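Keep in mind that this is a model prediction, so the values were computed, not measured. Numbered from 1 within each chain, the chains take letters A, B, ... in sequence-line order.
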There are 2 protein chains.
Amino acid sequence: MANMKQIAKIAGVSLGTVSHVLNKSAPVRENLRKRVMDAVDAVGYQPSQLARGLRLDKTNMIGMIIPDVTNPFFPAVVRGAEDVAFANGYRLILCNTDNDHSKEIVHLNELRTFLPSGLIVIPSNFSDLTAQAESYRKSGTAVVCVDRLPKGWEGDTVTADNEKGAYEATSYVLRQGHRLLAMVMGPRHLTNAQDRLAGFKRALHEKKIPIGPEYIQEASFDQHGGYAKTMLLLRMIPRPTVIFAANDMIAFGALLAFREAGLHCPEDISLIGFDNLQFAEMTSPPLSSVSQPGFQMGTTAAQILIDRVRGDDGPAKHLILETALKIRDSVAPPSAISAQKSPSSRRGKLSK
Amino acid sequence: MANMKQIAKIAGVSLGTVSHVLNKSAPVRENLRKRVMDAVDAVGYQPSQLARGLRLDKTNMIGMIIPDVTNPFFPAVVRGAEDVAFANGYRLILCNTDNDHSKEIVHLNELRTFLPSGLIVIPSNFSDLTAQAESYRKSGTAVVCVDRLPKGWEGDTVTADNEKGAYEATSYVLRQGHRLLAMVMGPRHLTNAQDRLAGFKRALHEKKIPIGPEYIQEASFDQHGGYAKTMLLLRMIPRPTVIFAANDMIAFGALLAFREAGLHCPEDISLIGFDNLQFAEMTSPPLSSVSQPGFQMGTTAAQILIDRVRGDDGPAKHLILETALKIRDSVAPPSAISAQKSPSSRRGKLSK
DNA sequence: GGCTTTAGATGAAAGCTTTCAAATAGAAGC
DNA sequence: GCTTCTATTTGAAAGCTTTCATCTAAAGCC
């Protein structure tokens, strides 16, 4: 591959001049400039990002650390980030942690040696990011945290309005007449799971609807967790008339559980999810869900990052993006249930 | 960040010795080795990948170029690749092309300047990869092509057995008694689309079932394409009794079209997909589909790449991974259709 | 004990860029 | 035409690693 030295030779100028032309770091007379550019075009020269990074103490790379690309919510975030990164000349190094904070640490340590301009992180469980980010920032690398926050985090964040989204979803099922709600929440130590729970509770509280702690089940944010905990909930007496799944994967698991229990949704039991994955509209029944702007979370995070790289050193930013309730067919008024299937004994409890 | 010079100073040895200890590139007496390692541990030294890459003319990065992470089939491939890459000390730079070959070229040109060890590419439409890869290989960078092949490609490949998978799916619907088949194929210029079409045709040919060209519709590999072309097929007379969708996204589009046309699947019309996406089991009805080992395609590609980097210079490898037919509920015998809904006039044509 | 051999350790160079101090060329002024 | 600036241009150094030719010191041999 061609290097600047060769360009300099072809153009008959010094190394420094080539650099100045390329970076506009000093005025260069037009004729020289042209000779340099011609040489660049002639050999298709492209500067070595490695040498550049080494010299500048910073590369055009952005480390993107996420739990798992295979989890359907994350690709949109990644894509959003890649889009604005790419548009601004940055490239993404993708790292999966599997939510394992020791794997996260490995990535964090290794990424440092690439001198990335910044890091976009969806923290793992029990993430140690706060401490690590400190040292990153010291060396001038921006870190922005997306979707959920590690303990003690005070830096830039981009999250969805989980609390409000959950509140609205819950209010919606309440308006549909449900009074016996259950939630399959995400892992308690995850801030987004906490916020969704908080929104759920606020809506209930506001309408003075009591809920027993056994109607709030914790599960991992996946189909398996959703299935298992829904099974549990279905056996409770009285059985809840609606389940709020803390994300769509959990909701899909719930749907599986419904199917296995011989319950029809929404006739026998209603369900509402969170994330509004692409497939929510394809399920049976189409799943009502709180839409979360994954792509936009990615673009926003990347944009903040790039602003930081370019010198913005204002106070920490905390962007909270709006959610939107997508109503489909998985929630029906509970009256339908009682009318159709519930034993009257349960109806009594329901109406209380 | 600490560098080797500091380690050398702390350990009281020369720069070269530190390097030899770290890389085991020369024997070093135990006491010195220990002093070096202690110093390394003390400051938490990690070698600069940039300087290393610059010196070695090769980094531990692998460029992964795909159409779009947001397309549900690709994350598994990415994840598979990342897993074995990571396990072997390599890192992935993720690039989305949106199937735009000019964007692909930009990535290809830029990635070069990182001196990656290799490239794993799912080529874009009309990809120029063949020419570019030539020049990459000249500079010692391995390139392996996944899922589909660009024109004239002769290097390493990892693909699914698209032809056989499609053949088996088609044979299956044939065994179910269908005689009036239609296919919504993928873009004709994509090798995987071609292969799936070929398998489809082979199965028909083998059973001597004729098919009019209008029953084979070309669509982009997405929901929108599937929807539009299915709508077209539904209007044909006679109407096909089963649609083979060249991938699950197309199948989801078809399902949407069915719904809109007021047709029930599989009672009124059967459907079979390809990819066996995670969500195929959640659709209504659960979608029968040809399972493609996306994750394994990723791991295999990365493994081949790493073997190449480590010196394997044997002839080009062409790995073809097995597919498996996942039978769910979207295909039923056509008799049910005729019995239930078809006007008798159509039944006559069907039986021909 | 003196000399050869060899294992081990060292310092410098190279890989490619940016930047800074220093040098040069051209222009302006008289 | 010569001096003094100013506007450009230049060459070298630095950033961090690996590697190679050299050098040192210890071991082996007679």
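- Spacing between atom CG of B:Leu32 and atom P of C:dA7 amounts to 17 Å, rounded to whole angstrom units.
- At a threshold of 4.0 angstrom between heavy atoms, the contacts of B:Ser48 are confined to the sugar-phosphate backbone, with no base atom among them.
- At the heavy-atom level, A:Leu56 lies under 4.0 Å from the strands shown only through sugar-phosphate atoms.
- Using a 4.0 Å cut-off between charged side-chain N and carboxylate O, A:Asp98 and B:Arg79 make a salt bridge.
- When the side-chain nitrogen and oxygen atoms of B:Asn23 are compared with OP1 and OP2 of D:dT18, one or more of them lie within a distance under 4.0 Å.
- Side-chain proximity of B:Ser14 to C:dG8, C:dT10, C:dC16: nearest is C:dT10.
- Following rounding to the nearest Å, B:Met4 (CE) and C:dA12 (P) show an atom-to-atom distance of 15 Å.
- Within 4.0 Å of A:Leu15, counting heavy atoms only, lies at least one base atom of the nucleic acid.
- In this structure, B:Glu30 and A:Met1 both approach DNA chain C, and ranking their closest nucleotides by distance from the 5' end singles out B:Glu30.
- Rounding to whole angstrom units, CZ of residue B:Arg29 and P of C:dT10 are separated by 10 Å.
- Where A:Ala26 and A:Leu50 each meet DNA chain D at their nearest nucleotide, the meeting point lying more 5' is that of A:Ala26.
- In this structure, B:Gln49 places its CD atom 10 Å from P of D:dT17, rounding to the nearest Å.
- In the set D:dT8, C:dT19, D:dT17, D:dT8 carries the atom at the smallest distance from any side-chain atom of A:Pro27.
- The residues A:Lys317 and A:Asp312 are annotated as salt-bridged, a charged nitrogen and a carboxylate oxygen being separated by less than 4.0 angstrom.
- Proximity of a side-chain donor or acceptor of B:Asn99 to a complementary backbone N or O of B:Ser124 within less than 3.5 Å is not detected.
- Side-chain atoms of B:Thr17 lie closest to C:dT10 of the nucleotides C:dC16, D:dT8, C:dT10.
- Side-chain contact between B:Gln132 and B:Arg112 is present, with at least one heavy-atom pair separated by less than 4.5 Å.
- One side chain, A:Ser25 or A:His20, offers a donor N or O that lies under 3.5 Å from an acceptor on the other.
- The distance between atom CD1 of A:Ile7 and atom P of D:dT9, rounded to the nearest whole Å, is 17 Å.
- Counting to the nearest Å, the P atom of D:dT17 and the CZ atom of B:Arg55 are 13 Å from each other.
- Atom-to-atom, CG of B:Leu115 to P of D:dT18 comes out at 15 Å; the value is rounded to the nearest Å.
- For B:His20 and D:dT18, the NE2 to P distance is 10 Å, given to the nearest whole Å.
- Within 4.0 Å of A:Asp57, counting heavy atoms only, lies no atom of the nucleic acid at all.
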